[in-house]
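Report on the following structure.
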Amino acid sequence: MNSVVCVSQVPDTESRIRIASDGLTIEETGLKFIVSPYDEYALEEAIRLKEKSGGDVTVVSFGPDRVAQALRECLARGATKAIHIKGDSGKADSLGIARVLAAAIRETPFDLVFLGKQGVGTDNSLVGPMLAELLDLPHVNVVTRIEIGEGSLTAHREIEGAEEVIETTLPAVIMAQKGLNEPRYASLKGIMAAKKIPIETKTTGDLGLTDDEIYGSRVRVVSLSLPPEKTAGKKIDGSDPAAAAAEIIRYIRDEAKAL
Amino acid sequence: MAGVLVICESKQGRLQKTSRQVLSAGRRLAEASGEALVAAAFGPDAASLAGDAGSLGAATILVVADPALGEYSTEAHTAAAVRLIEHADPSIVLLPGSSNGRDLAPRLAARLGVGVASDVTGLEWVEGKLRARRPVYSGKAIAVVEVDGRPAIATCRPNAFPIEPAGGSAAEVVSVDHQASQPRARVVETKIPESEELTIAEADIIVSGGRGLKEAANFSYIRDLAHAIGGAVGASRATVDAGWIDHHHQVGQTGRVVSPNVYIAVGVSGAIQHLAGMSSSKHIVAINKDAEAPIFRIADLGVVGDLFQILPLLTEEVKKAKEQH
Ligand SMILES: Cc1cc2nc3c(=O)[nH]c(=O)nc-3n(C[C@H](O)[C@H](O)[C@H](O)COP(=O)(O)OP(=O)(O)OC[C@H]3O[C@@H](n4cnc5c(N)ncnc54)[C@H](O)[C@@H]3O)c2cc1C
Ligand SMILES: Nc1ncnc2c1ncn2[C@@H]1O[C@H](COP(=O)(O)O)[C@@H](O)[C@H]1O
């Protein structure tokens, strides 16, 4: 079973976000970058499949030089190959990113492609289904469990207040949700072993893509700004529980009009 | 034909609340662009939504009545949505930001070679183009994006747009035929939890519990209040990770993003990843014994006190208030 895992690198969720002078992007200097949390579930699942039935786990990332670090981390956890497609992913829209990933994946043997259900930060949740469409493969989104059968796969998909069990043919594209597994940390041995694995680098030109296909944005940021400071509301002392309860009731009834 | 096409979802022959919100958002865009608002729906019940759709301002409802479309399937619904778009040639397509809407929009867009603005909280028609507002980086920044291409597609965050009745008569039902195909991925079972709990995705009121509850059994404090007030039960990640409650209750960056009318955070500290999921709620109440807890920075009404003392009284008061109606 060969898997490809698409990995995006995002600012640490604790980061303070500043807007760059162009007014369109975030200021990257001083930011700490991490592997997007949902991609960790995607990677872990692929590594577990490899441990069970062999094959390769190829991690792919499209982005600037800094994403090599994210790929190294994935190798240290157990990925066996890494492909870095160099480019300014921040200037591409989701369809552009999906086109780059599709072109890279077509050159790699695979049975399953894993992604995160959402890249934390920009929170689009778009690349996965777009990639599946470009590869003309079935996909299952927001997956909390998978079981592999003979040429098929059963996946559990989380929806509002329920869970769907979906059966699909292979190859297929899976978008990982929290709950799919508990991602491991890299071991020292893994970190050392990863240093010996070369990261294959490619340009988008190598993949036969034009800049317009990737950066000819169909969705373009026209402004990025900080939200207005929320003025903290009223804060009351709750040492008299009855008075506190009464004030909450008043607020919900009179101001939220919800009682 | 042209216009603003809204792909709707229904349950038991009625439009889902999120779809009503999207129709209202679509009507405003249609007014701004001088185009028609067109509703669309799939499955055997689709035509029965004509009244609902009309009352929200749609003159027409396009219907693909294939019974196989009664249940969502990415591939089958993508194919049917493509047919609708070929038929209507809309300049804008809006979908609810539900599980299915957010699954369908990107697949559809990739097939058409266009982009999607996802999970938007505001929409505008500016000089012949769709502009959408969307919170990014856990609400630490707000992006305005312009969507090029025809159609321009957007999914709308649940509860971000008000429902605005337009008082129109039933929409005219137009059937659109399509070529049914065999999807490769199919739903073989849907597991619905036995207790018919209200889900946080659509609830108007959410009562959320955090580690301040001390142990799993104390989620009863949250459930009792939620039940009395007619709201859904939310949770912080710390409680989910501790195994006190199922993940589908989790609010935040790695849970659900919600924007109910009222959000009551109980024993939740207000970590940035939690705020990411609820700071766009319209009225935020926080109960926490630590006066310095970050949740108070965004609470409209903050109560510094002990949840174990306040919650039972609050639940009783809510019951009394409800009885008076
Ligand atoms: C990548 C990443 C993603 C994350 N995603 C999420 C997410 O989606 N959602 C999320 O919630 N968190 C998320 N977190 C975790 C987040 O950082 C916090 O750890 C978590 O939200 C804390 O949960 P809590 O508020 O319940 O617990 P705590 O921070 O421990 O807060 C408990 C609060 O209860 C109060 N309290 C205690 N006793 C009482 C009492 N008797 N009466 C009243 N108040 C009392 C305390 O004063 C305290 O403020 C994420 C973290 C990371 C790193
Ligand atoms: N630049 C990228 N390189 C590799 N994978 C990506 C990239 N951007 C997004 N992805 C994948 O697509 C998923 C969804 O991202 P998004 O659609 O941006 O929310 C992520 O969790 C990743 O698995």
Side-chain angles (χ1 to χ4, degrees), chain A residues 13-14 17 19 37 93 95 98 120-126 129-130 133-134 138-142 158-169 178-179 218-227 230 232-239 241-242 244-245 248-249 251-253 255-256 258-259, chain B residues 74-75 98-99 102-103 106-107 109-111 114-119 136-149 184-192 197 199 201 205 247-248 253-254 261-262 272-273 283 285 296-305 309-310 313-314 317 321:
Chain A
T13 55
E14 301 279 353
I17 296 295
I19 311 293
D93 67 0
L95 186 59
V120 163
T122 44
D123 297 338
N124 281 308
S125 296
L126 294 174
M130 286 178 162
E133 174 63 25
L134 297 177
H139 79 247
V140 189
N141 217 335
V142 197
E158 190 180 286
I159 58 171
E160 291 89 352
E163 187 183 66
E164 287 178 349
V165 182
I166 295 179
E167 220 169 78
T168 174
T169 54
K178 182 176 187 244
R218 297 134 290 259
V219 180
R220 190 173 61 245
V221 177
V222 292
S223 87
L224 189 69
S225 56
L226 298 178
K230 187 165 173 172
K234 200 167 142 185
K235 191 148 97 183
I236 61 166
D237 174 11
S239 53
I248 297 172
I249 293 283
Y251 176 76
I252 294 174
R253 187 188 53 221
E255 292 185 44
L259 266 180
Chain B
T74 308
E75 291 165 87
S98 57
S99 296
R102 294 195 67 181
D103 185 66
R107 186 110 201 184
R111 188 159 307 174
V114 299
V116 181
S118 73
D119 203 28
V136 288
Y137 301 103
S138 332
K140 283 183 260 185
I142 307 285
V144 177
V145 298
E146 195 169 271
V147 193
D148 267 335
R184 292 161 292 185
R186 341 169 260 115
V187 177
V188 292
E189 190 188 346
T190 304
K191 296 183 177 178
I192 300 165
E197 277 183 341
T199 67
I205 304 181
H247 173 249
H248 68 258
Q253 193 151 43
T254 44
N261 181 29
V262 180
I272 184 79
Q273 298 92 348
H283 301 91
V285 178
F296 287 129
R297 273 186 242 141
I298 63 149
D300 300 293
L301 176 62
V303 179
V304 183
Q309 291 186 23
I310 297 168
L313 291 173
L314 182 56
E317 289 298 320

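Within every chain, numbering begins at 1; the chains are lettered A, B, ... in the order of the sequence lines, protein sequences first and strands thereafter.
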Side-chain contact, heavy-atom cut-off 4.5 Å: [X] with [Y]?
X      : Y      : result
A:T122 : B:Y137 : yes
A:D93  : B:V145 : no
A:I252 : B:H283 : no
A:I249 : B:L314 : yes
B:V116 : A:V219 : no

Report the distance from atom [atom1] of [X] to atom [atom2] of [Y], rounding to the nearest 0.5 Å.
X      : Y      : atom1 : atom2 : value
A:E133 : B:E75  : CD    : CD    : 9.0 Å
B:E189 : A:E167 : CD    : CD    : 11.0 Å
B:K191 : A:E163 : NZ    : CD    : 5.5 Å
A:E164 : B:I192 : CD    : CD1   : 9.5 Å

Which bit of [X] is near chain A, if near means a heavy-atom gap under 4.5 Å: side chain, backbone, both or neither?
X      : answer
B:Q309 : both
B:T190 : both
B:V114 : backbone
B:A141 : both
B:I205 : side chain
B:R297 : backbone
B:V285 : side chain
B:I272 : side chain

Quick one: which of [options] has the most heavy-atom pairs under 4.5 Å with chain A, could you say?
options                        : value
B:D119, B:V147, B:V187         : B:V187
B:R184, B:R102, B:E146         : B:R184
B:T254, B:I298, B:V136         : B:T254
B:A201, B:A185, B:G115, B:G305 : B:A185
B:D148, B:V144, B:T199, B:V303 : B:V144
B:S99, B:A110, B:A143          : B:S99

Heavy-atom closest contact ([X] atom, [Y] atom, distance):
X      : Y      : answer
B:K140 : A:P227 : O-CD, 3.2 Å
A:N124 : B:S118 : O-OG, 2.8 Å
B:N261 : A:A256 : ND2-O, 3.1 Å
B:A109 : A:M130 : CB-CE, 4.0 Å

Between chain B and each of [options], count heavy-atom pairs under 4.5 Å; write down the option with the most.
options                       : value
A:E255, A:E160, A:E14         : A:E160
A:L134, A:I159, A:I19, A:D237 : A:I159
A:V142, A:T168, A:L95, A:V140 : A:T168
A:L126, A:D123, A:T169        : A:L126
A:V120, A:V221, A:I166        : A:I166

Engaged part of [X] at the chain B interface, taking heavy atoms whose separation is under 4.5 Å:
X      : value
A:I248 : both
A:L226 : both
A:A98  : neither
A:S223 : both

What I want to check is whether the side chains of B:Q273 and A:T13 have a donor and an acceptor closer together than 3.5 Å.
yes
Please step through side chain to side chain contact (heavy atoms under 4.5 Å, CB included) for the pair B:D103 and A:H139, ending with a clear verdict.
CA-CA 10 Å; B:D103 185 66; A:H139 79 247; 2.8 Å; yes
Go through the steps to decide whether B:T74 and A:N141 satisfy the test side chain to side chain contact (heavy atoms under 4.5 Å, CB included), and finish with yes or no.
CA-CA 9 Å; B:T74 308; A:N141 217 335; over 6 Å; no
